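Note that the structure is a prediction, hence the values are computed from the model and not measured.
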Amino acid sequence: MLKIENLKVNYGGIEAVKGISFDIKQGEIVTLIGANGAGKSTTLRTISSLVKPASGSINFLGNDITGIPAHQIVKAGITLCPEGRHIFPDMTVLENIKIGAYLRNDNLDKDIEKVYDLFPILKERNWQLAGTLSGGEQQMLAVARGLMSNPKLMMLDEPSLGLAPLVVKDIFNVITEINKTGVTILLVEQNANMALKIADRAYVLETGRITMQGTGKELIENEKIIEAYLGKQAK
Amino acid sequence: MDTILQHGLTGISLGGAYALIAIGYTLVYGILRLINFAHGDIFMMAGYFMIFAFANFPWYIAIILVLIATVILGVAIEKAAYSPLRNAPRMSVMISAIGVSYLLQNLATYLFTALPMSYPEIPGLKKILIIGNLTASLVTFITPIVTIVLSAGLIILINNTKIGMSMRAVSRDYEAAQLMGIKLNTTISFTFAVGSLLAAIGSILYFTDRMMVFPFSGSLPGLKCFVAAVLGGIGSIPGAVIGGFILGIGETILIACGQSTFSDAFTFVLLIIILLFRPTGIFGEKVIDKV
Ligand SMILES: Nc1ncnc2c1ncn2[C@@H]1O[C@H](COP(=O)(O)OP(=O)(O)OP(=O)(O)O)[C@@H](O)[C@H]1O
Ligand SMILES: [Mg+2]
């Protein structure tokens, strides 16, 4: 479905992503794990065309989408829930949800109902300004907003960041649920343990290079991974 | 009492024209965090556009041509001078804006000479009306009404339409807006178009009263309207409107009290006071970030 080949991304003179290749198949949950500064966010931002790659190619559903404008990426069916959520704080919850469907011209009522079923708490907060939501609620809103574009591929950048363990569990449950409705997932996480548990496959990114890959199950049992990313929480 | 009302009316009318221009500053600041120093000069160019349009076309077509030409000028300036600097430091864009301002003033001097040219009289606008004890030309009466209607319309547009939603999104968060599928450049161009359109309407109301246009006609009103936008809280449309009215009324009162030499300085005294005591202005952006 998504095929990345030899992708390189620079910021000024600094190489943040140094030629990575990976692919995602329809219906999978794929996770990208790695330490701070490994280039995970950069990879997602490049797929979304917020950043232009120095070289390499991105292919989605058979089309070369490298470097096309960001709004066309959304139109093609890729959505990104960015790191730090980036909801619109001075819009209401409902407006945030509606703006997720910015490129659609059809009736939204059904889909709004659907995301409210997925996140009942948001329905209660319908008219509240999004900036006044709790961190967990903001993350749910970011996911709900992303869903409104009817994505084929949903990318999530550290959805568990700064959230209490119980809320993290909720978010991961929702991600698997979304996946079951047919949306392919690319998940970037610091919380490697949780991510590997729900992932079909995983890639490990280290300072701009992919150093390991395998199924979620393989990696969660891998000695090196346990040592570097899972620590004690593995057991 | 009657003279107070009379001066009040003049002040409100001047304030209305200021408000229309101040909205342009506030809109552009809201979306680009840029003080568009060229805005006053766009307003001045609109004055010249009218002189030439009026000489060649019936007044109603001339008005439409002026509006269109001013919008094109505003959008073209954005495309040529600001959009290539989208990722540059904000100071560079600011300097580019100052450059455009000088360019327009010099262009006008070159094309039309520095001598004031007389502004045409649009039929009916200068007609004297007497309402109760108030005597004023039609333009004085309609300016505040036009201002209120247009700014209310703009607020409705921003809050209730798709393009308005994209303006709010872009002014808040470039990247998140793009992730929604919003086209950055289209939204920014639209913002400049709206700001220029209001400046063009403001110029018709303002110059009809002043009857003269010269290459620096935009400098002082431009500065005053910028102050009006800061006073109201830059980024806020109701703020710009109220700021415009405060400046217009304050200035007129000073002139009425025989302090006309001091009336321009009033603006800047106000600016200093507001920056010292309430830098965010009357309706300054409330910050509710929680990221
Ligand atoms: N806008 C930028 N300008 C310059 N350098 C940047 C920029 N964004 C990221 N970088 C650099 O690129 C490298 C990769 O950053 P990136 O944000 O992709 O890492 P990450 O894997 O997402 O890290 P984290 O887990 O902390 O979010 C880092 O060294 C970072 O300093
Ligand atoms: Mg990151």
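- With B:K162 contributing its side chain and A:Y102 its backbone, the two residues share a donor-acceptor pair below 3.5 Å.
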Worksheet entry | Audit row: A:V74, B:M180, side-chain contact (heavy atoms from CB on, under 4.5 Å) steps and yes/no | CA-CA 7 Å; A:V74 183; B:M180 302 301 108; over 6 Å; no
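- The shortest distance between side-chain heavy atoms of A:F88 and B:M165 does not fall below 4.5 Å.
- A 6.0 Å sphere centred on NZ of A:K114 holds no more than 12 heavy atoms belonging to other residues, nucleotides or ligands.
- Residues in residues 166-189 of chain B take part in no ring pair (Phe, Tyr, Trp, His ring centres under 6.0 Å) pair, two or more places apart or across chains.
- Applying the 6.0 Å contact sphere to CZ of B:R90 captures no more than 12 heavy atoms from other residues, nucleotides or ligands.
- Side-chain atoms of B:E175 and A:R45, non-hydrogen and from C-beta on, do get closer than 4.5 Å to each other.
- Proximity to chain B (any heavy atom under 4.5 Å) is shown, for A:E95, by both the backbone and the side chain.
- Annotation: side chain of B:I182 is not in contact with side chain of A:H71 (no heavy-atom distance under 4.5 Å).
- Put simply, the side chain of A:M91 reaches to within 4.5 Å of the side chain of B:R168, judged on heavy atoms.
- Taking a 6.0 Å sphere around NZ of A:K123, one finds it holds 12 or fewer heavy atoms contributed by other residues, nucleotides or ligands.
- In B:Y102, the OH atom is not crowded: 12 or fewer heavy atoms of neighbouring residues, nucleotides or ligands sit closer than 6.0 Å.
- If you take CD1 on A:I99 and CG on B:L179, they are separated by 11.0 Å, rounding to the nearest 0.5 Å.
- Between chain B and the residues A:K98, A:R145, A:Q72, A:K75, the most heavy-atom pairs under 4.5 angstrom are made by A:R145.
- Crowding of A:K110 atom NZ: a count of heavy atoms from other residues, nucleotides or ligands under 6.0 Å not exceeding 12.
- Residue-environment remark: CG (B:L276) exceeds the threshold of 12 foreign heavy atoms within 6.0 Å.
- With B:Q178 as the fixed residue, the side-chain contact (heavy atoms from CB on, under 4.5 Å) test singles out one of A:I73, A:L50, A:L80: A:L50.
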